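Comments concern the structure below.
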Amino acid sequence: MSRPLNAIFRLVPQISLATRSFRPLLNGLLSPPRLTPPSLLWAPPVGRFVCRFTSDSLAQRPPRKSSDIEHEKRLAREVIKPRPGDISSHGSRRPILEPSPGAPRGQALGDGLRHDIEVVHDTFRLAHVPRESLHLGLAGTIPYLATSLSTVYLAWDLTKELPTGNAFYDAIFLNHDTANHLQSVVEPLQLGYGAVIISFLGAIHWGLEYAEQTSLRERTRFRYGMGVAACVVAWPTLFMPFEYALTTQFMAFLGLYFADARAASRGWAPAWYGTYRFLLTTIVGLALFVSLVGRAKIGEHSRLGGRELSSSMSGAGVADASTDWAKMEAEEKKRLKSKEEAAKKKAEKEESRTRGRGNENEVKDETRRGPHQD
């Protein structure tokens, strides 16, 4: 009887962990019998109580070997000794960015750089862009680049005092009157061309909408709105000051790029249109930035013109730094004064001679008229 009882006692923890469905059954077995109304005699089965007896071989733990116990005691009594020779120079530290296994550090870095270059190359390769659109788009940026470089050249010219003392600069620079005239021609050309291009970029959405077979409310409003907004923003810039006009056109190009990228991502424009517009917007943005820098240099020079003029007048000469200009100026004034005095004396002598000749002529006339009057 001892073995079955041991098996039952071993099942007690398992019974205590049973679900709540076994509790009514256990309470019914342990509580005294009660009279139940006839209507409550039948109830659905709650659960099934199953007990299994384990064999005697599994009831006892396997005996431990005495050698294992002695080994554990010996390890417990052993004192851990430091062994610094077994520690590497890096210890247990590991770098955050580890190279690939079996690849040297330099090779891993080169592979990563090569991968980044390939990603950039794939982005700007524009393999899916039609050749005609790419070539015409790049050709459309030439006027922007030409006007921007002209603005920089004229700004450089206007900020230099002529002659500069350098034979090369004196050969390539224009006089300030000509540079100012060319600047007054280049600036309206750049602003007018920018207004035309911005209007054209908005009109592209109208063309895409006209090519659709059916209209979609959200898409149609977006495309027509972009075409109208581009013209409304572009043409008033012709009446603004140059700096404000260039800044407004730059913001217009940037806003149109984001709108075109959104249209391409939603399928309202060709898939390649976003990358294509990014390249052209980058070139135009750089050209506008260069023009703004050149125009700012001209404005700064005009504000500092009086200061530079006074410093150039009080400073030494360009070609000869050892010349005493004050002494030369005094000598020149003295020379001019002596020249004026000599000319004055000469004029007085001529006047006296003229008067003498006049008196002689009067005497002669009187002598001639005297006998006849008598």
Side-chain angles (χ1 to χ4, degrees), residues 146-191 238-246 290-374:
T147 52
S148 298
L149 294 177
S150 300
T151 303
V152 172
Y153 167 73
L154 295 175
W156 188 26
D157 188 296
L158 292 172
T159 53
K160 294 292 184 181
E161 295 295 335
L162 299 178
T164 60
N166 189 314
F168 177 74
Y169 287 167
D170 293 339
I172 64 173
F173 281 159
L174 305 172
N175 59 62
H176 288 181
D177 294 335
T178 306
N180 284 321
H181 174 70
L182 292 177
Q183 181 188 357
S184 64
V185 174
V186 169
E187 290 180 356
L189 284 177
Q190 187 174 13
L191 293 180
L238 300 181
F239 304 97
M240 298 180 181
F242 186 70
E243 294 84 357
Y244 295 101
L246 284 184
V290 170
S291 298
L292 285 172
V293 170
R295 195 67 177 83
K297 289 295 183 182
I298 296 175
E300 182 181 358
H301 177 73
S302 63
R303 289 193 299 270
L304 300 177
R307 187 185 307 173
E308 293 178 357
L309 180 60
S310 61
S311 63
S312 62
M313 293 178 63
S314 60
V318 176
D320 189 3
S322 61
T323 302
D324 191 356
W325 296 103
K327 183 179 179 181
M328 291 182 64
E329 185 178 4
E331 292 177 354
E332 183 68 17
K333 288 180 179 180
K334 186 177 180 180
R335 186 181 65 81
L336 292 175
K337 187 176 180 180
S338 61
K339 187 176 180 180
E340 289 178 358
E341 292 177 354
K344 188 176 180 181
K345 290 180 180 180
K346 185 177 180 181
E348 290 177 354
K349 288 181 180 179
E350 291 291 337
E351 186 178 358
S352 62
R353 287 180 183 178
T354 305
R355 288 178 181 177
R357 290 176 182 176
N359 295 331
E360 291 178 358
N361 293 332
E362 289 178 358
V363 171
K364 288 180 180 181
D365 293 338
E366 288 178 358
T367 56
R368 289 175 182 175
R369 288 196 303 267
H372 297 289
Q373 289 179 357
D374 295 338

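Not measured: the values here are computed from a predicted model.
The nearest pair of heavy atoms linking Leu158 to Ala179 is CD2-CB, 3.6 Å. Between Ser148 and Val290 the shortest heavy-atom distance is O-CG1, 4.2 Å.
A distance-only check finds a donor-acceptor pair linking the side chain of Asn180 to the backbone of His176 [under 3.5 Å].
For Glu348, there are no salt bridge (charged side-chain N to carboxylate O under 4.0 Å, His left out) partners, not counting sequence neighbours. Among residues two or more places apart in sequence or in another chain, the salt bridge (charged side-chain N to carboxylate O under 4.0 Å, His left out) test is passed with Lys333 by Glu329. Residues that satisfy the side-chain contact (heavy atoms from CB on, under 4.5 Å) test with Thr147, not counting sequence neighbours, are Val186, Gln190. Evaluation of the ring pair (Phe, Tyr, Trp, His ring centres under 6.0 Å) rule for Phe173 yields Trp156, Tyr169 as partners, not counting sequence neighbours. Residues satisfying the side-chain hydrogen bond (donor to acceptor under 3.5 Å, both in side chains) test with Asn175, not counting sequence neighbours, are Thr178.
Side-chain contact between Leu174 and Leu182 is present, with at least one heavy-atom pair separated by less than 4.5 Å.
To the nearest 0.5 Å, atom CG of residue Leu292 and atom CG of residue Leu246 are 5.0 Å apart.
For residues 335-346, the set of pairs meeting the salt bridge (Lys or Arg N to Asp or Glu O under 4.0 Å) definition, not counting sequence neighbours, comprises Glu332-Arg335.
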